[in-house]
Each structure stands twice: as structure tokens, then as C-alpha cells.
Amino acid sequence: MGTKNVNAIISEEQNDNSLPVLDGTLGPSAVDIQTLYSRNGLLAYDPGFRSTASCKSSITFVDGDKGILLYRGYPIEELAEHSEFIEVAYLLMHGELPSPGQRKQFDEAIGYYNLLHEQVLSFYRGFRRDAHPMAIMVGVVGALSAFYHDVMNIRDANDRELAAIRLIGKMPMIAAASYTYSVGRPQRYPNNKYDYASNFLQMMFGAPNREHIVDPVLARALDIILILHADHEQNASTSTVRLAASSGANPFACIAAGIASLWGPAHGGANEAVLKMLMEIGTVENISKVIERAKNKSDSFRLMGFGHRIYKNFDPRSLVIQKQAKKVLAHLGKEDPLLEIAMRLEEIALKDEYFIERKLYPNVDFYSGILLRAMGFPMNMFTAVFALARTAGWVSHWLELQGESHGIDRPRQLYVGKTLRHYTARK
Ligand code: ACO
């Protein structure tokens, strides 16, 4: 064990030891180190993947310094303004916006496959009624692999497309049922007279014994939330899906793995954690205490909804979400004291040297919890809504990966354990 340095100067000079540099269409170039071990006997060490491009991808581009997020080249702000989640899902999967005919076909396919097999509904009864919806979703989506395994050939493009459509189509009912089960309400079925977001709302908040009228302002706000959360290049959950999928695993099982990864508070679980934090703060007067705690290195507490591995300027999604939160609260004639605390907290943190130095800005989760709460979502459903949206991104990455030929993803390690020793029984 120990450290020594090797010459890692990047030079354009070509020699036996030089490694190719690959240019993308946007963003930093990447040194191709695939032959490093076979040529030099060295591995690259990058825990946390701060300097590692794990794959080539043409789906989503993020420039964290400039606060840019593009899906297939389109800025997130334009998609949030003009597009719809289902159109965005098509775009992520296929690379281009659908023509009217393609859109109609896609809508029909999503509508055809949005029901759950009745046997799947019986799975819910196996969970404690107070189980977290994300725990249920990991289980139920994983269980879908038992329903669509032998009938599916992932080498067949039509079968792959169908698996992706099934996942996007079924996810609203899977998420809604994980909530209605916990409150003991019978689950409504999807109804194709509704659009995607409205269908989810009616399954979440409606009951089978009455007509449910979906508020179009809330449906549009939810659709925008889904668009904003649909993809974010090689984040932890997407990388989990890709890693699981690289072995040729069943796509439903791969997406279940993605849901598990998303649940963590450092990732998708942050929207729930933000709201809990804002509730604990309680009043504007307590904000400075929380800021001090977040800055204290001997305290593990972090300001939830602040900071991002990639965004070191601002998260473009957080601006759209904040606007929507204000719009929905005004539409509903509600005031949420948590919005005031959040805005004040943001203002104070953004003027604080600690946050400025470390380039910590509000991320997408900082305001999304306030918006979802205003819409009536219980706190433990926030990450489930995120999972529903991110399914579009996960399946797109799964589809992209199937076209690659590099085989199973198998990282190496820097071994720091015991060297060879021989067995003698302990006395
Ligand atoms: N509050 C206080 N300090 C923070 C925060 C925060 N939220 N985030 C980062 N820091 C500090 C770290 O302590 C570290 O300080 P140091 O350099 O003095 O040691 C420095 O900023 C850099 O932090 P890292 O942990 O290296 O940043 P990383 O890129 O690994 O982490 C992460 C990003 C996980 C998002 C982090 O900022 C965090 O935990 N934020 C709160 C949780 C959150 O909001 N997650 C949602 C992310 S967005 C999403 O998944 C949709």
C-alpha cells in the first residue's frame, strides 16, 4: 500500500504510451483509458466517478457550470414550457420529437398497456399498510419481471420497445396503488379519457364510487414536474439501471434496482427530506441555527435540497419548479408558510461564504416538495412521483445500452485488504 506519482501530464504528443482523447458533441472530452491496464498494468482510481465517463450517451446533456440541461438537444426550459411528459418520454426514447402520427400511436400504446395484471394487485396485500411507497415500488416493479420474462426477447427491438412502453404505462398505477393501499382505499383503474398526468391524479386521489374531476392547473403542474425529473444523464439510479442491465438482466428487475437507488436521501429521497427539514425549522427565526448546523463539520447534517454533484452554478429545474409552486399555491388560494421559509433560507444561504465557496445552490428537490404538498401529495409519495418521471429516462438508457457492444460493466478495485495468508484455526 502507499502512493507514488506517475506522470499524468496530458500532452498532445503522440508516442507508444499516449492514450486517445475522445471528443463528444458538447462538454469535456474524455481520455480513453480502456487499454491502460493491458499496456501499463495500472488501473484508474476514481471512487464516486468524479472524473469518469462510464459510457457514451446521446440522451441528455448537463453543463453544471452554466446551469444547462438538454434532453436530446432541447433545453429543459423549452420542454417544460411547450411540451408534455409523454412527448418528452418519446423524445428521450427515440431521439426525436414524435410526428402527430407517431404521437397518436405512442399514446395508444401507453393507454393499451397502462393496466396492471390483476395478480400484481394482490402483491400489495403482502406489504404492511404503513410501508413506504418506495419500498412497495421496488418490490412490485421487480415482481413484474416474473410476468414478462419468458415471453420477452431483449435482443428483439420490438420486444424492447414494448418493455419500455409497459414500464412507462404501468408506473402511474403502481405508484398510486402504493399510496391507496396504505390508506385502505380501493384502487381506481386508469381511464384513457385522461392524459398521463391526469390519469395519475385520478388514481391517486379519486375513489371508485365517485366521479373525479381533475384540476387542469394541477395536472399541468404535475406534467411539468414529470418533464423536469424525466432524465439527468448518468446519475446514481440511471447508472444503477445501466450496470444491472449490462448483464442482460430483465428490464423490470433493472428498473426496480434504479428505484432502490433513487430512494436514498442524497438522490431522489431529498425532496421528502427537504420538507421534513422545513417543517423542523418551523419559523423564519430558526433559519440561522440550521445554516450554522449545515456549516459545522462535526455535524453530519446537510441542508437538504442544496448542492449537486454536477450543478455548480444553478439547477435550471429549480427555477421552473419554484415558479410552478407559486402558481399552484395562488391558484388554490393557499399560503404555505414553508414556501416563505424555503425562500428565506435560499436567500440567506446564497449570501453565505460557506455556500458561495462550495458553489452550493438549491437543486430541483428544494421546491418540488412544496409544490407536491400543495397539490395534495403526502410526503412519502414525493420520491415515488420522481420514480414515475425518471422511468422515462431509465428505459431510454436501457434501450441505448442494448445497442452497445462493450459487454458487462465490471469495475475493478484498488485492493487494500490482507495479503496471502494460510489457514490456521483461531484459538
Ligand atoms: N449542506 C451543507 N454542506 C454541503 C451540502 C449541503 N447540502 N452539500 C455539499 N456540502 C459541502 C460538503 O460538506 C463539502 O464541504 P467540504 O469541501 O468542506 O468537505 C462540499 O460541500 C462538497 O460536497 P460533496 O459531498 O463533495 O459534494 P457531492 O458532489 O459529493 O454531493 C450532494 C452532492 C450529494 C447532492 C450533496 O450536495 C448533498 O448531500 N446535498 C443534500 C442532499 C440533496 O439535496 N440531494 C439531492 C440531489 S439532486 C437529485 O438527486 C435530484
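As the structure lists them, so they are numbered: ligands from 1, and atoms in each ligand from 1. Values below: all heavy atoms of this structure, side chains included; hydrogens, waters and symmetry mates excluded.
The closest non-hydrogen atom to atom 26 (O) of ligand 1, taken over Arg309, Arg50, His232, comes from Arg50. Residue nearest to atom 48 (S) of ligand 1, selected from Arg390, Lys359, Met304, His308: His308 (by heavy-atom distance).
Leu303 O, 2.7 Å is the protein heavy atom nearest to atom 7 (N) of ligand 1. Protein heavy atom in closest approach to atom 40 (N) of ligand 1: Phe306 O, 2.9 Å. Regarding atom 51 (C) of ligand 1, its nearest protein heavy-atom neighbour is Asp365 OD2, 3.4 Å. Scanning all protein heavy atoms for the shortest distance to atom 35 (C) of ligand 1 gives Gly307 O, 3.6 Å. The single protein non-hydrogen atom nearest to atom 20 (C) of ligand 1 is Arg358 CD, 3.7 Å, given as residue, atom name and distance. Ranking protein heavy atoms by distance to atom 45 (N) of ligand 1, first place goes to Ala266 O, 3.2 Å. Summary of contacts: the protein heavy atom closest to atom 3 (N) of ligand 1 is Tyr354 OH, 2.8 Å. Atom 32 (C) of ligand 1 has Arg302 NH1, 4.3 Å as its closest protein atom, hydrogens excluded (heavy atom only).
Interface of Ala294 with ligand 1, defined as ligand atoms under 4.0 Å from a residue heavy atom, comprises 2 (C). Close contacts between ligand 1 and Gly305 involve ligand atoms 43 (C), 44 (O) [criterion: under 4.0 Å to a heavy atom]. Every atom of ligand 1 is numbered from 1 in the order shown, and the set under 4.0 Å from a heavy atom of Ala270 is 43 (C), 44 (O), 45 (N), 46 (C). Per-residue contacts place Val364 under 4.0 angstrom from the following atoms of ligand 1 (heavy atoms of the residue considered): 51 (C). Listed by atom number, the atoms of ligand 1 under 4.0 Å from Lys297 heavy atoms are 12 (C), 13 (O), 15 (O), 16 (P), 18 (O), 19 (O).
Between Phe386 and ligand 1 there is a heavy-atom distance shorter than 4.0 Å.
Of the protein's heavy atoms, none falls inside 4.0 Å of atom 22 (C) of ligand 1.
Proximity of Asp315 to ligand 1, defined as any heavy-atom pair under 4.0 Å, is not found for any part of the residue. Contacts with ligand 1 closer than 4.0 Å are made by side-chain heavy atoms of Leu360 only, the backbone lying farther away.
In this structure, a donor-acceptor pair under 3.5 Å is absent between the side chains of Ser57 and Glu233. Of the N and O atoms on the side chains of Gln322 and Tyr367, at least one donor lies less than 3.5 Å from an acceptor on the other residue.
Cation-pi geometry between Arg358 and Tyr354 is met: under 6.0 angstrom from the ring centre, within 45 degrees of the axis. A cation-pi contact, defined as under 6.0 Å to the ring centre and within 45° of the axis, links Arg412 to Tyr37.
Note on residues 379-409: pairs passing ring pair (Phe, Tyr, Trp, His ring centres under 6.0 Å), not counting sequence neighbours, are His229-Phe386.
To the nearest 0.5 angstrom, Ile33 atom CD1 is 10.5 Å from Asn40 atom CG. Within the model, atoms NZ of Lys295 and CG of Leu303 stand 11.0 Å from one another, a figure rounded to the nearest 0.5 Å.
Looking at every heavy atom in both residues, Glu272 comes nearest to Met379 through CG-O, 3.6 Å. A pairwise comparison of heavy atoms in Glu81 and Arg220 identifies O-NH2, 3.4 Å as the closest pair.
Classified by interplanar angle (parallel below 30°, tilted 30° to 60°, perpendicular above 60°), the ring pair His308/His232 is perpendicular. Using bins of under 30°, 30° to 60° and over 60° for the plane-to-plane angle, the ring pair His117/Phe147 lands in the tilted bin.
Counting heavy atoms from C-beta on, the side chains of Asn199 and Val214 never come closer than 4.5 Å.
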